[in-house]
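The block underneath contains the structure these notes are about, expressed in structure tokens.
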Amino acid sequence: MASLVDLERASGNAPKEGTLGGLKAIFAVVTSFFSDCSLPSTAKTVNAKLVEDNIVRNATLDKDAILASLKTSLNGLTTEDAKNRLKQFGPNVLSIKLARRWYKILWNAFWHPFNIILLVLATISGATSDKATLIVMCLMVVLSVGVRFYQELKSSRAASKLSELVRDRAAVIRRENGNSKEGVELEINQEDVVPGDIVILRTGDLLPGDVRLVTSNNLLVSQSALTGESIAVEKYADVIESESTPLLDLKNACFMGTSVESGGALGVVISTGDQTYISTIATYLARRTPINSFQKGVRRVSYLLICFMLAMVPIVIVISGITTHNWGNSALFGISVAVGLTPEMLPMIVNANLARGALVMARKKCIVKTLDAVQNMGAMDILCTDKTGTLTIDRVAMVQYMDCHGISKDQVFEYAYLNSYFQTGLKNLIDSAILSFGEVLSGDRKMNPSKYNLVAELPFDFVRRRMSVILEVGDVSSSGLKPQEDVEHNVISSVGQKRCILVTKGALEEMLDVCSCVQDDTAGCVPMTPEYRNKLLSMGEELNADGLRLVAVAIKELKPTQATITMSTPRHEHFSKFSHEQQYRHSEESEMVFHGILTFQDPPKESAKEAIETLEKKGVAVKVLTGDALSIAVKICKDVGIATDFVVTGPELALLDSNEFVKTVQKATIMAKLTPYQKLKVVEALKVGSHTVGFLGDGINDALALKAADVGISVDSATSVAKDAAEIILLQKDLNVLVAGVTRGRITHGNTIKYIKMAASSNFGNVFSILVASAWLPFDPMKPVQILTQNLLYDFSQASIPWDRMDPEYLETPHQWSAKGIASFMVCMGPMSSIFDITTFILLWFHYGIRTVERQAVFQTAWFLEGLLTQTLVIHLLRTTRIPFFQSTAALPVLLTTGAIVSIGLAIPYTPLGKTEKMVHPYPSYYYFLAMTIFAYCCLAQCAKMVYIRVFKKWL
Ligand SMILES: Nc1ncnc2c1ncn2[C@@H]1O[C@H](COP(=O)(O)OP(=O)(O)OP(=O)(O)O)[C@@H](O)[C@H]1O
Ligand SMILES: [Mg+2]
């Protein structure tokens with residue numbers, strides 16, 4: 001029998017004792033220090049086995065035995081007990097989701113090919129007794145590790161702070177004070193859920209741990225996070241499994257990471273955090289969000305630059321060896337060139353850019369869960385959105401109720417009220433509107449649901465678009481229904497006799513599909529003829545066209561045999577809610593009597609129109625994907641300025657072949673009556689042809705599409721599944737918040753691409769210069785240590801790029817990753833710097849006559865200065881399409897860092913550091929030539945830029 005002791009053993013969370021505990025703790029620190037670069041050990045498999053055995057064992061026990069073994073009851077744990085268990089088992093979080101510890105970040109910052117190359121180089125220099133190189137290189141390692149560590153620590157802390165802003169919640173039953181016997185429902189952070197907690201699972205909830213069900217009602221669970229299978233599976237509390245049942249097929253157990261698609265249940269938590277099944281599956285641990293085109297592109301550029309470096313170094317070593325006849329020195333020179341050409345700052349700048357983008361977005365109420373989403377926001381050119389709350393004000397109010405002739409009739413509302421009142425699933429805005437309308441009624445019209453008992457329910461889903469409750473109707477004389485009417489409607493035949501009714505409400509068309517009769521006050525209960533059906537449909541269209549949302553109501557008397565249901569004696573209020581001994585099928589919703597329609601108002605949002613206009617101006621096409629009726633979607637879209645010329649519905653899309661489907665969805669601006677799966681398919685089809693598709697939604701029906709989109713966006717108030725599936729959470733469901741996010745995404749993209757283009761082109765240029773210099777000069781054009789210093793200074797001058805601004809015209813259009821763009825930039829702009837390197841060589845060789853090894857220090861110092869200054873200043877030219885300083889000035893941090901690096905560079909030859917690096921004071925007249933060179937370089941680069949923009953129509 002599973003017990004807390006077993007769980008402790010399985011979790012490894014048992015209190016540690018004495019020296020052994022201490023040793024274990026040290027061991028844990030040491031292993032975790034190395035864990036980033038090691039594969040999961042066999043201990044993982046042992047733990048996985050314990051976890052699985054624990055779940056299976058619980059699935060084979062009956063409920064009472066499990067509750068006893070977990071020392072809990074259906075009234076839940078006491079708050080005190082829960083607190084103690086939280087201390088004992090730790091927070092309910094997967095450790096892979098926790099912020100990395102500082103020592104791991106430090107190790108990661110150190111364990112980088114760049115540092116390893118430097119250390120190898122340092123060791124070689126140390127051995128050849130060049131102490132200056134050794135010191136500079138050690139300094140470089142310390143500085144580079146330091147900067148990287150600081151950046152990553154900062155962004156990891158920021159990320160964990162952001163994730164705290166959008167915590168998942170879980171509903172549990174707990175006894176607030178130790179003496180009370182009755183548990184109450186509490187909403188707590190998912191992190192605080194402990195083994196033994198009784199959790200309430202409703203439609204749209206995420207499982208807050210591995211759970212053994214104790215009661216259930218038509219529960220459908222999506223296990224796609226574990227199996228990849230998007231079809232939900234049924235789960236029941238009332239089965240006892242055998243030990244041979246495969247884990248994921250267990251009917252009475254649900255797993256952390258899965259979600260409730262429909263129905264409800266009560267369950268007892270058997271394990272939390274790292275003791276849950278999901279934490280043990282290697283595929284999950286290894287799973288990273290699929291790589292997007294941007295990440296792929298960055299990786300490709302890095303590889304390209306590294307290949308460049310690898311191809312260049314042997315050539316440089318051979319050429320330099322032949323011309324200088326000093327092979328040892330040439331090797332050292334080659335390796336320094338290798339360091340100079342290694343894009344060591346690339347990952348850091350990309351990350352720092354994204355992290356900064358995420359922080360700025362958070363200030364604008366846009367929380368980013370995965371950093372890459374920042375850049376995807378900037379690249380997004382199609383935004384799909386749902387209707388409620390985005391385009392409308394999200395305050396649904398009931399307007400009227402009516403029978404089949406459009407005449408107000410109280411009974412229509414009564415049935416809708418009973419349905420909303422008794423259903424235990426997710427109470428959405430429509431249910432809330434019905435309930436609040438009912439609360440204000442008084443006197444004769446006051447609702448009296450206490451005369452009914454809930455027998456069972458068929459929860460709402462977005463394919464049926466209906467929900468039903470099965471109610472046991474008490475004594476007619478005391479019921480809320482008026483006896484004569486009910487007799488007339490054949491619901492309750494006589495006073496005192498108990499009957500069951502099925503009360504269903506849902507979307508108009510879907511309700512008409514299951515009705516065979518209409519309750520017509522003038523003619524009684526009459527058959528639903530095609531004429532009636534059409535009349536009701538056109539009545540619905542007219543109401544929709546007035547901007548009203550609709551729900552239709554129908555009922556059906558259930559046969560006495562079905563109706564004789566003995567409720568299990570409720571041991572607890574929550575228990576009875578989620579426990580129905582007789583399961584009803586959806587097929588019950590047939591041959592019903594149509595009673596009427598309720599209308600709701602959810603007016604369009606004032607701010608939506610302006611936001612949509614801005615988005616369209618910024619090159620983001622807005623499409624509405626809704627499960628609601630077409631006519632209401634069209635009306636709302638007209639109000640907020642979305643084109644309504646090409647619209648289509650889910651049933652129409654279902655008839656198309658895949659080619660036509662793609663064409664149609666790319667053209668349509670409104671797609672209505674979509675099922676959740678169709679929303680997913682539409683998003684996938686829109687992605688065809690290198691579009692970056694965003695999806696904004698908050699419902700259970702949006703989760704699949706949110707996952708499929710390049711950038712899934714949800715809101716803080718959304719259902720847990722939607723929030724879990726999204727990468728970006730808006731703290732306010734407002735398209736204007738999104739507009740701000742898009743702009744920030746574009747700034748982030750711009751700054752990243754700016755760095756990549758600069759790095760690629762300057763490396764490309766340097767390769768030429770070094771080849772020419774090595775072939776020409778009888779000495780190295782620069783000392784290895786000087787190359788390293790120059791490289792380090794240049795890196796620092798660029799570290800401020802994430803703080804730079806972009807020109808307004810750049811922010812007007814979405815930008816996607818373009819490998820071609822980078823290649824053409826590199827090939828056209830790179831050699832530009834080589835021209836001026838070569839003119840500097842000519843000047844030094846011919847004008848100053850530096851041709852011998854003895855005078856090499858003058859040559860090397862001069863080229864050091866020219867290279868550093870031109871590369872640093874050209875940042876201002878490459879960062880904009882305009883004329884730098886006159887038409888576009890960089891942000892202050894960029895001005896400061898580039899200014900500082902230029903000053904440091906100019907000062908170095910006069911400092912002790914310069915001396916140790918074998919630099920000398922340049923000729924005073926050289927500064928004149930240097931200024932001329934920089935000026936000429938800037939002019940030529942500006943002209944080349946203008947020609948480039950004319951030819952390629954794009955700069956960054
Ligand atoms: N609580 C409810 N009870 C009965 N029917 C409902 C309920 N909620 C929604 N429906 C029906 O289901 C249909 C689709 O629901 P809904 O409008 O919420 O879809 P959606 O795709 O989430 O829409 P949106 O784009 O506005 O978010 C509605 O037309 C409505 O008739
Ligand atoms: Mg919705």
Side-chain angles (χ1 to χ4, degrees), residues 202-204 262 384-396 398 415-435 457-469 503-514 540-541 543-544 547-554 589 597-605 608 622-637 640 642 649-650 670-680 682 695-706 713-715 717-719 721-722 733:
R202 295 192 178 94
T203 316
S262 69
C384 300
T385 164
D386 66 347
K387 164 178 65 64
T388 309
T390 319
L391 307 180
T392 67
I393 61 169
D394 215 8
R395 275 194 298 274
V396 178
M398 220 195 87
Y415 286 137
Y417 182 85
L418 291 175
N419 178 293
S420 289
Y421 181 86
F422 281 104
Q423 68 103 356
T424 59
L426 190 80
K427 291 226 187 312
N428 72 2
L429 291 173
I430 289 189
D431 290 301
S432 311
I434 294 174
L435 293 175
E457 66 177 304
L458 299 164
F460 185 80
D461 68 62
F462 281 92
V463 179
R464 271 162 58 242
R465 295 198 182 90
R466 294 185 288 263
M467 66 163 93
S468 297
V469 290
V503 183
T504 308
K505 74 174 181 351
L508 180 62
E509 249 184 287
E510 280 72 8
M511 290 300 293
L512 289 175
D513 290 347
V514 294
E541 292 232 344
L543 291 164
N544 272 166
L548 296 170
R549 292 178 73 178
L550 306 183
V551 157
V553 184
E589 292 168 345
I597 295 173
L598 291 91
T599 61
F600 303 84
Q601 203 170 32
D602 185 16
K605 232 184 230 177
V622 180
K623 291 177 190 281
V624 175
L625 270 57
T626 180
D628 213 343
L630 180 63
S631 30
I632 177 82
V634 168
K635 158 76 180 141
I636 302 274
C637 287
V640 297
I642 294 175
T649 64
I670 304 174
M671 284 161 260
K673 292 201 73 174
L674 298 180
T675 63
Y677 188 65
Q678 280 178 323
K679 288 193 180 187
L680 159 89
V682 169
F695 187 95
L696 169 61
D698 60 353
I700 307 151
N701 55 335
D702 300 320
L704 287 175
L706 281 168
I713 310 157
S714 197
V715 277
S717 56
T719 47
V721 248
K733 196 171 183 187

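Heavy-atom basis, side chains included; hydrogens, waters and symmetry copies ignored. The structure displayed is predicted, hence computed values, not measured ones. As the structure lists them, so they are numbered: ligands from 1, and atoms in each ligand from 1.
Neither the backbone nor the side chain of Arg466 has any atom closer than 4.0 Å to an atom of ligand 1 (non-hydrogen atoms only). With a 4.0 Å heavy-atom cut-off, ligand 1 is reached by the side chain of Lys679 but not by its N, CA, C or O.
At the shortest separation from atom 28 (C) of ligand 1 among protein heavy atoms lies Asp628 OD1, 3.4 Å. The protein heavy-atom contact nearest to atom 30 (C) of ligand 1 is Leu550 O, 4.0 Å. Among protein heavy atoms, atom 26 (O) of ligand 1 sits closest to Thr388 OG1, 2.3 Å. At the top of the distance list for atom 1 (N) of ligand 1, counting protein heavy atoms only, stands Asp431 OD2, 2.8 Å. Distance from atom 6 (C) of ligand 1 to its nearest protein heavy atom, with residue and atom name: Phe460 CE1, 3.4 Å. In terms of protein heavy-atom proximity, atom 27 (O) of ligand 1 is nearest to Asp386 OD2, 3.3 Å. Looking at atom 5 (N) of ligand 1, its nearest protein heavy atom turns out to be Gly506 CA, 3.4 Å. When hydrogens are left out, the protein atom nearest atom 16 (P) of ligand 1 is Arg549 NH2, 3.5 Å; that is the closest non-hydrogen contact.
Counting the atoms of ligand 1 from 1 in the order shown, those under 4.0 Å from a heavy atom of Met467 are 1 (N), 2 (C), 3 (N). Numbered from 1 in the order shown, with element, the atoms of ligand 1 that lie under 4.0 Å from a heavy atom of Lys505 read 1 (N), 2 (C), 3 (N), 4 (C). Each of the atoms 21 (O), 23 (O), 24 (P), 25 (O), 26 (O) of ligand 1 lies under 4.0 Å from some heavy atom of Thr626.
Atom NZ of Lys635 and atom CG of Leu543 lie 13.0 Å apart (nearest 0.5 Å). Taken to the nearest 0.5 Å, the CD1 atom of Ile632 stands 11.0 Å off from the CD1 atom of Ile670. Between Leu625 atom CG and Asp386 atom CG the span is 9.0 Å, to the nearest 0.5 Å. To the nearest 0.5 Å, atoms CG (Leu680) and CG (Asn701) are separated by 12.5 Å. For the atom pair CG of Asp628 and OG1 of Thr388, the computed distance is 6.5 Å after rounding to the nearest 0.5 Å. Distance check, rounded to the nearest 0.5 Å: CZ of Phe695 to CD1 of Ile713 gives 10.0 Å.
Taking the six-membered ring for Trp and thresholds of 30 and 60 degrees, Phe462 and Phe460 have ring planes more than 60 degrees apart, a perpendicular arrangement.
With Thr392 contributing its side chain and Gly389 its backbone, the two residues share a donor-acceptor pair below 3.5 Å.
With 3.5 Å as the limit, one finds a donor-acceptor pair spanning the side chains of Ser468 and Glu589.
Taking any N or O of Asn428, backbone or side chain, at least one lies under 3.5 Å from an N or O belonging to ligand 1. In terms of N/O distances under 3.5 Å, ligand 1 is approached by Gly627.
Taking the side chain as every heavy atom from C-beta outward, Lys505 and Leu598 never approach each other to under 4.5 Å.
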